[in-house]
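We name chains A, B, ... by the order of the sequence lines, and we start the count at 1 in each one.
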There are 2 protein chains.
Amino acid sequence: MCIAGGMIRDIGGGSEIATGRSEGSHRGVRPVATHQHLYYEGDDRTHVFVVESGWVKLYRTLIDGQRQIVGFANAGSVLGLESEDAYCNGCEAITPVAMLAIPVERIRDLSRTDAKFADDLLRQVGRQLGAAQRQIATIGVQSAEQKLATFLISIADLCGAGAGGEFDLPMRRGDMGEFLGLRVETISRKMTEFQRRGWISMPSVYHCRLLRRDILEELADGGEIEVSPVRCA
Amino acid sequence: MCIAGGMIRDIGGGSEIATGRSEGSHRGVRPVATHQHLYYEGDDRTHVFVVESGWVKLYRTLIDGQRQIVGFANAGSVLGLESEDAYCNGCEAITPVAMLAIPVERIRDLSRTDAKFADDLLRQVGRQLGAAQRQIATIGVQSAEQKLATFLISIADLCGAGAGGEFDLPMRRGDMGEFLGLRVETISRKMTEFQRRGWISMPSVYHCRLLRRDILEELADGGEIEVSPVRCA
DNA sequence: CGCGCGGTTGATCAACCTCAACCCGCGTGG
DNA sequence: CCACGCGGGTTGAGGTTGATCAACCGCGCG
């Protein structure tokens with residue numbers, strides 16, 4: 001992980017923020033059902049959202065109908081900061097979600113009056129940017145196998161998988177594919193292959209357990225290089 | 001382009017900002033030679049940089065030595081906001097560059113005292129995030145041909161190619177490959193193919209002219225979908 | 001001159017896509 | 001109750017795109 005001091009709270013998209021501050025914890029928290037949209041691509045950007053619980057996916061659509069998921073986000077993520085006048089992503093709940101909707105004007109006001117808030121906001125977007133760049137690296141250079149390994153580890157961490165490495169996949173195979181730039185069939189094949197090799201086990205389609213995290217990590221970007229290459233001095 | 005009201009000033013990475021404000025136009029502007037690094041991956045993040053002129057590339061390296069360029073940036077881009085304690089990208093000048101280095105503490109101070117500055121900064125990172133997500137979509141779903149078309153159009157716009165569609169490519173074939181997730185050979189082949197079909201002409205290796213921008217645009221994400229899909233109402 | 005670097009081109013190969021079949025669980029309606 | 005359809009997942013066979021490996025060219029430079 002490129003970002004030290006603070007776990008990234010989502011993949012490719014949002015990131016952590018001090019949840020439940022500056023608004024009180026439950027004032028204005030709204031529930032969103034699975035498959036409901038928080039917003040669509042092209043909608044007027046009226047609000048910024050803070051995810052309180054649950055998972056959403058952020059995606060873009062090309063004219064030919066192809067879709068690319070640019071990120072998943074869970075509790076703590078702030079959504080909508082990448083857009084200006086109109087949302088440039090669609091945002092759909094993939095589990096039941098509780099979220100806080102903050103009008104954009106309010107964001108401006110809060111930023112002006114509360115330096116700490118503005119600071120947090122900037123850091124938050126910065127992290128999202130870092131995560132997005134990391135995702136670019138993943139889908140740009142990695143093989144299907146590496147992509148999947150990277151993905152499983154990230155999700156496991158986000159789900160707070162314990163020492164046992166057990167967690168629930170909050171998304172379908174198709175979503176994983178659209179996120180990693182792979183077809184559903186490829187995801188499926190590699191998942192069964194990982195099982196066959198004893199690296200993971202899947203008690204059910206959406207429940208996963210990492211048996212050999214070490215191997216997966218090695219396979220994954222397993223580590224981007226953290227240190228500088230030789231300096232020209 | 002997903003971002004309305006304001007041209008994106010780079011691809012996948014930085015974006016525009018009011019250049020030459022809040023510091024005076026030439027106070028502290030430093031020159032950087034081609035192939036010199038502004039910073040390396042893992043370096044302590046001491047400064048944020050504003051590009052005044054020239055081009056830089058932002059990249060990440062994986063342990064297996066593969067590199068992915070996560071963005072190019074030119075005049076107006078602010079660099080280093082995606083990082084926290086340490087730079088999570090390397091940043092190298094690919095042309096002679098003039099840049100402004102702002103200590104991170106100064107950024108904090110300026111943000112606190114100058115609401116307008118903080119606002120600009122947030123918008124700037126937001127745009128970079130939008131551009132990064134766009135890049136994710138490009139390398140995730142598009143074919144080599146589509147990627148190249150998308151890339152040429154973006155670069156042409158950034159270089160301010162006029163009606164004639166003429167511009168100088170500021171980077172090598174290899175950099176284009178590392179940005180698009182393709183090999184040099186593939187870039188080379190597709191470029192000559194584009195020429196053979198009369199879509200572009202290349203008077204020299206680094207000088208390009210778009211003859212049939214229309215075709216390239218159609219080929220490219222040519223348009224992400226701007227409007228919302230049918231609403232569930 | 002000789003070398004190295006970057007670009008182009010060709011031949012081959014394999015990773016991943018595509019298309020198609022099949023399974024399973026579930027909700028719906030006869 | 002069962003038949004049915006549907007959506008999502010898995011598996012198989014075959015095709016295509018882009019990677020790989022290798023040769024060659026042109027150019028700048030010591």
Nearest-angstrom distance from the residue atom CE of Met176(A) to C1' of dG9(D): 12 Å
Electrostatic pair Glu193(B)-Arg197(B), nearest N-O below 4.0 angstrom: yes
Presence of Arg183(B) side-chain N/O under 4.0 Å of dG18(D) phosphate oxygens OP1/OP2: no
Phosphate OP1/OP2 of dG6(C): any Tyr206(B) side-chain N/O under 4.0 Å: no
Any donor-acceptor N/O pair under 3.5 Å between dC16(C) base and Glu145(A) side chain: no
Pairwise 5' ranking along DNA chain D for Lys190(B) and Glu185(B), keeping only the more 5' one: Lys190(B)
Nearest-nucleotide comparison on DNA chain C, the residue closer to the 5′ end among Met171(B) and Gly181(A): Met171(B)
Reference residue Thr150(A); test side-chain hydrogen bond (donor to acceptor under 3.5 Å, both in side chains); the match among Gln142(A), Arg134(A), Glu145(A): Gln142(A)
Any Thr192(A) side-chain N or O less than 4.0 Å from OP1/OP2 of dT11(D): yes
Rounded distance (Å) that lies between atom C1' of dT8(C) and atom CZ of Phe194(B): 16 Å
Ring geometry between Tyr87(B) and Tyr39(B) (parallel below 30°, tilted from 30 to 60°, perpendicular above 60°): parallel
Side chain of Ser188(A) (C-beta onward), nearest among dT11(D), dG7(C), dG18(D): dT11(D)
Residue-phosphate contact under 4.0 Å: Thr186(A) side-chain N/O, dC17(C) OP1/OP2: yes
Rounded distance (Å) that lies between atom P of dG6(C) and atom CE of Met202(B): 17 Å
Integer-rounded Å distance: dG7(D) P and Asp175(A) CG: 16 Å
Test applied, salt bridge (Lys or Arg N to Asp or Glu O under 4.0 Å); reference residue, Glu178(A); option that passes from Arg173(A), Arg67(A), Arg60(A): Arg67(A)
Side-chain N or O of Arg173(A) closer than 4.0 Å to phosphate OP1/OP2 of dT10(D): yes
Leu129(A) side chain reached by Leu81(B) side chain, heavy atoms, under 4.5 Å: no
Interatomic distance where NZ belongs to Lys147(B) and C1' belongs to dA19(D) [whole Å]: 12 Å
Sugar-phosphate only, base, or nothing, as touched by Ile187(A) at under 4.0 Å among non-hydrogen atoms: nothing
For atom CZ of Arg196(A) and atom C1' of dT11(D), their distance in whole Å: 12 Å
Between C1' of dA19(D) and CD of Gln142(A), the distance in whole Å: 17 Å
Base dG7(C) to side chain Arg189(B), donor-acceptor N/O within 3.5 Å cut-off: no
Whole-Å distance separating the CE atom of Met191(A) from the C1' atom of dG9(D): 11 Å
